[in-house]
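Each remark here refers to the structure printed beneath this line.
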Amino acid sequence: MICTPLAAPTPDDLLAALPVAAAAADWLELRLDALHDLPVEAVLHALHHVLPRRPRPVVVTFRPREQGGFRDLSPADRLRFWHTALTTPAEAFDLETDLIAQLLPTYPPNHPVWARVVVSHHDFQATPADIHAFAKAHFPPFAGTVKLAVNVNQPDDVCRLFDWLTGTPSTRQKIPVGMGGLGVLTRILGPAYGARWTYSTGHDGRAVAPGQLTAAELRETFRLPSLDRHTTVAGLLGCPVAHSLSKDMHNAAFAHLGLNWVYIPVEVSPDDLAPLLRDAIHPRTRRLPWTVGGYSVTLPHKIAILPYLDRLTATAARVGAVNTILVSGQELIGDNTDVAGAMRPLQQRFALAGEPVAVLGAGGAAQAVVCGLVTAGARVTVFARHPDRACDLGNRFAVPIAPLDDFHGRRFTGLINTTPVGMAGYAEGDCPVPPERLAGLAWVYDLIYRPRQTPLLQAASQQGMATLDGLPMLVAQAAEQFACWTGQDIPESVLFAAAERALADFKTAGFKSAP
């Protein structure tokens, strides 16, 4: 189930938010601590006014600032609130662990209200080393539900949260919440493994804790209500990944074919890549309980991931970079669908054999593009900001490497940008080369897909050149990945439609994050 917080500043705003939040949520969390200008008595009055109008079950929360709340609350204020609030007909109450002993004189362990209580602990810094021992020490046995909301700093934290969720039989319900990028696995897969609910962003789309997703996204993109212990998990490894279109495309493809799969973007730092592969993905060492179907790999891991794989496909070995992980028996295999993805739309538009083509950049995407161009018979020159770092690329494909400042369009038929310059959230508004140096080109291809019309493509179009944006490549490589993982083909029209819907949503919402 999905629980949506309502953090409204006034009682009238709280009432107005009820139907908005109820549209995609199963439960509503009344964050009454957000009524920070009201005394305790007025907050209680607001609660009594709201409860008869609730369209969904509610959990009442009145959290002090030091535990993640929106206002300063004295111990006396909190006790005065809860002594009265616990007498209301709300379906659930979220109480912090430090309140329990003080409430027991009025509400002893056998009092029926405890069946409706969620006893919670919040730690915005770390995850307890021994979660089972921590839970035994801090959560009373008579609470109906216990919630542990902790900052996830390493893959091992996620493994221990799922071990706590699934490994100890209990009559009470549990809610593990992993905050931060790696914690997304608990937010999406927790309910499939027994968590009472997962928290979405607030009713207005704003996160009230790190790593939250909107209720609509949880329900529609990730299809959370249909996930179960038999769901096969795929995803994306990168940093950042929060607004990748891959989740929209692959999850739409799973839904289109009726597959019990889910695709989850996981933001993983370079330091966490190896332990995540070991603990969450590799079939010989994985500690998490689900079946892994495969993963996409994006910046900055396409080359760094190579030492942690058992073997590479012929294409990945030639490219020297991986964008796709396949699971075969007890092995992790690295593949590269960027080559086919980049070349398919390019070759549909332009002739390459014998043509001089310039490539900007020397990273993992550039290696895939150069591989495809050389195979197609193009005469390739790579332009890099740091040519000395691109020697391996030049040697691998026997192509010249030149400084970026040496690029002049009159020497080439086509130009391909593989750098992130001009991407939303990264040097947005910039052009990787001065627009006047494009003169002489016949066509320009930019692998960036958000925005689709980058400053580079705009400059090229203004000079009468043919242009190609990065969305067709993204779709083509995703279709290749999907077939590798599932053994089934997906119409590219399904992927295009999902990507374009997501791009329209990003534009409407004004997102600036990198893909």
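What you see is a predicted model; the values in this text were computed from it and never measured. The figures here come from the full heavy-atom set of this structure, side chains too, leaving out hydrogens, waters and symmetry mates.
- A donor-acceptor pair under 3.5 Å is absent between the side-chain atoms of D248 and the main chain of T221, judged by distance alone.
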Practice problem: Would you check, one step at a time, whether the test side chain to side chain contact (heavy atoms under 4.5 Å, CB included) holds for L189 with V262? | Solution: CA-CA 9 Å; L189 294 170; V262 65; 4.2 Å; yes
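- Remark: H132 pairs with D130, D163, W164, T168 by the side-chain contact (heavy atoms from CB on, under 4.5 Å) rule, at least two apart or across chains.
- A donor-acceptor pair under 3.5 Å links the side-chain atoms of R229 to the main chain of Y193, judged by distance alone.
- Rounding to the nearest 0.5 Å places CG of L18 at 9.5 Å from NE2 of H203.
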Practice problem: List the steps and the verdict of side chain to side chain contact (heavy atoms under 4.5 Å, CB included) for R286 and V327. | Solution: CA-CA 12 Å; R286 186 174 66 243; V327 181; 5.6 Å; no
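- For the pair F142/L104, a side-chain contact is recorded, criterion being any heavy-atom separation below 4.5 Å from C-beta on.
- Here the closest non-hydrogen pair linking F124 and H122 is CE1-CB, 3.9 Å.
- Proximity of L471 to L503: side-chain heavy atoms (C-beta onward) are separated by under 4.5 Å at one or more points.
- Here the straight-line distance linking atom OG1 of T231 with atom CG of L224 works out to 9.5 Å at 0.5 Å rounding.
- No donor-acceptor contact under 3.5 angstrom links the side chains of N336 and Q367, judged on distance only.
- In this structure, V494 and A252 approach most closely via the heavy-atom pair CG1-O, 4.2 Å.
- Counting only distance, with no hydrogens or angles, the side chain of D310 and the backbone of L332 share a donor-acceptor pair below 3.5 Å.
- Between H138 and H121, the two ring planes are tilted [angle within 30° to 60°].
- Using a distance-only test at 3.5 Å, with no hydrogens or angles considered, a donor-acceptor pair links the side chain of R56 to the main chain of A22.
- For the side-chain contact (heavy atoms from CB on, under 4.5 Å) with F93, the qualifying choice from V59, V113, T145, V118 is V113, the only one to do so.
- Considering NE2 of H45 and CD of E41, their distance stands at 12.0 Å, rounded to 0.5 Å.
- We find the CE-CZ distance between M179 and R187 to be 7.5 Å, quoted to the nearest 0.5 Å.
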Exercise. Dump the intermediate steps for side chain to side chain contact (heavy atoms under 4.5 Å, CB included) on L95 and I100, then the final yes or no.
Key: CA-CA 8 Å; L95 295 171; I100 306 306; 4.3 Å; yes
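- Between V146 and K174 there is a side-chain heavy-atom pair separated by less than 4.5 Å.
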Please output the side-chain donor-acceptor pairs of residues 205-219 that fall under 3.5 Å, not counting sequence neighbours, one pair per line with the distance.
residue : atom : partner : partner atom : Å
R206    : NE   : D204    : OD2          : 2.7
R206    : NH2  : D204    : OD2          : 2.8
Q212    : OE1  : V208    : N            : 2.8
Q212    : OE1  : A209    : N            : 3.4
Q212    : NE2  : S200    : O            : 3.4
T214    : OG1  : E217    : N            : 3.0
R219    : NE   : A24     : O            : 2.9
R219    : NH2  : A24     : O            : 3.0
R219    : NH2  : D26     : OD1          : 3.3
R219    : NH2  : D26     : OD2          : 3.1

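- Going from atom CD of E331 over to atom CG of L326 covers 11.0 Å, rounded to the nearest 0.5 Å.
- For V40, the side-chain contact (heavy atoms from CB on, under 4.5 Å) partners are L44, F62, D77, R80, F81, not counting sequence neighbours.
- Legend: salt bridge (charged side-chain N to carboxylate O under 4.0 Å, His left out) pairs involving residues 67-76, not counting sequence neighbours, sorted by first then second residue: R65-D72.
- Within the 3.5 Å criterion, the main-chain N or O of V268 finds no donor-acceptor partner in the side chain of D272.
- Considering only heavy atoms from C-beta on, L14 comes within 4.5 Å of L32 through its side chain.
- Between Y199 and W197, the ring-plane angle classifies as perpendicular under the 30° and 60° cut-offs.
- Side-chain contact between V117 and W82: absent, with no pair of heavy atoms (C-beta onward) separated by less than 4.5 Å.
- At least one donor-acceptor pair closer than 3.5 Å links the side chain of T186 to the backbone N or O of G183.
- R54 places a side-chain N or O within 3.5 Å of a backbone atom of L51 that can act as its donor or acceptor partner.
- Residue H83 places its NE2 atom among more than 12 non-hydrogen atoms of other residues, nucleotides or ligands, all under 6.0 Å distant.
- Shortest non-hydrogen contact noted between T4 and A25 is OG1-CB, 3.3 Å.
- With values rounded to the nearest 0.5 angstrom, I303 atom CD1 is found 12.0 Å from I305 atom CD1.
- Side-chain contact, N323 with T337: a donor N or O sits under 3.5 Å from an acceptor N or O.
- Between G320 and L306, the shortest heavy-atom distance links the atoms O-CD1, 3.4 Å.
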Practice problem: Kindly determine whether L277 and Y295 satisfy side chain to side chain contact (heavy atoms under 4.5 Å, CB included), including the steps that lead there. | Solution: CA-CA 10 Å; L277 289 167; Y295 271 85; over 6 Å; no
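- You'll find the side chain of M249 reaches within 4.5 Å of the side chain of V475, heavy atoms only.
- With a 4.5 Å cut-off on side-chain heavy atoms, D157 and L182 do not count as touching.
- Counting heavy atoms from C-beta outward, H48 and T84 have side chains that approach closer than 4.5 Å.
- Shortest non-hydrogen contact noted between A478 and H250 is O-CE1, 3.4 Å.
- Between the S296 side chain and the L236 main chain, no donor and acceptor come within less than 3.5 Å of each other.
- Formation of a donor-acceptor pair under 3.5 Å by the T10 side chain with backbone atoms of D13 is found in this model.
- For residues 100-116, there are no side chain to side chain donor-acceptor pair (under 3.5 Å) pairs, not counting sequence neighbours.
- W485 places a side-chain N or O within donor-acceptor distance of the main-chain N or O of I325, the cut-off being under 3.5 Å.
- Under the rule for a salt bridge (charged side-chain N to carboxylate O under 4.0 Å, His left out), the partners of D94 that lie at least two apart in sequence or sit in another chain are R63, K147.
- Donor-acceptor pairing under 3.5 Å is lacking for the side chains of W261 and Y263.
- When all heavy atoms of D279 and C159 are compared, the pair lying nearest together is CB-SG, 3.7 Å.
- Shown here is E66, whose CD atom has more than 12 heavy atoms of other residues, nucleotides or ligands within 6.0 Å.
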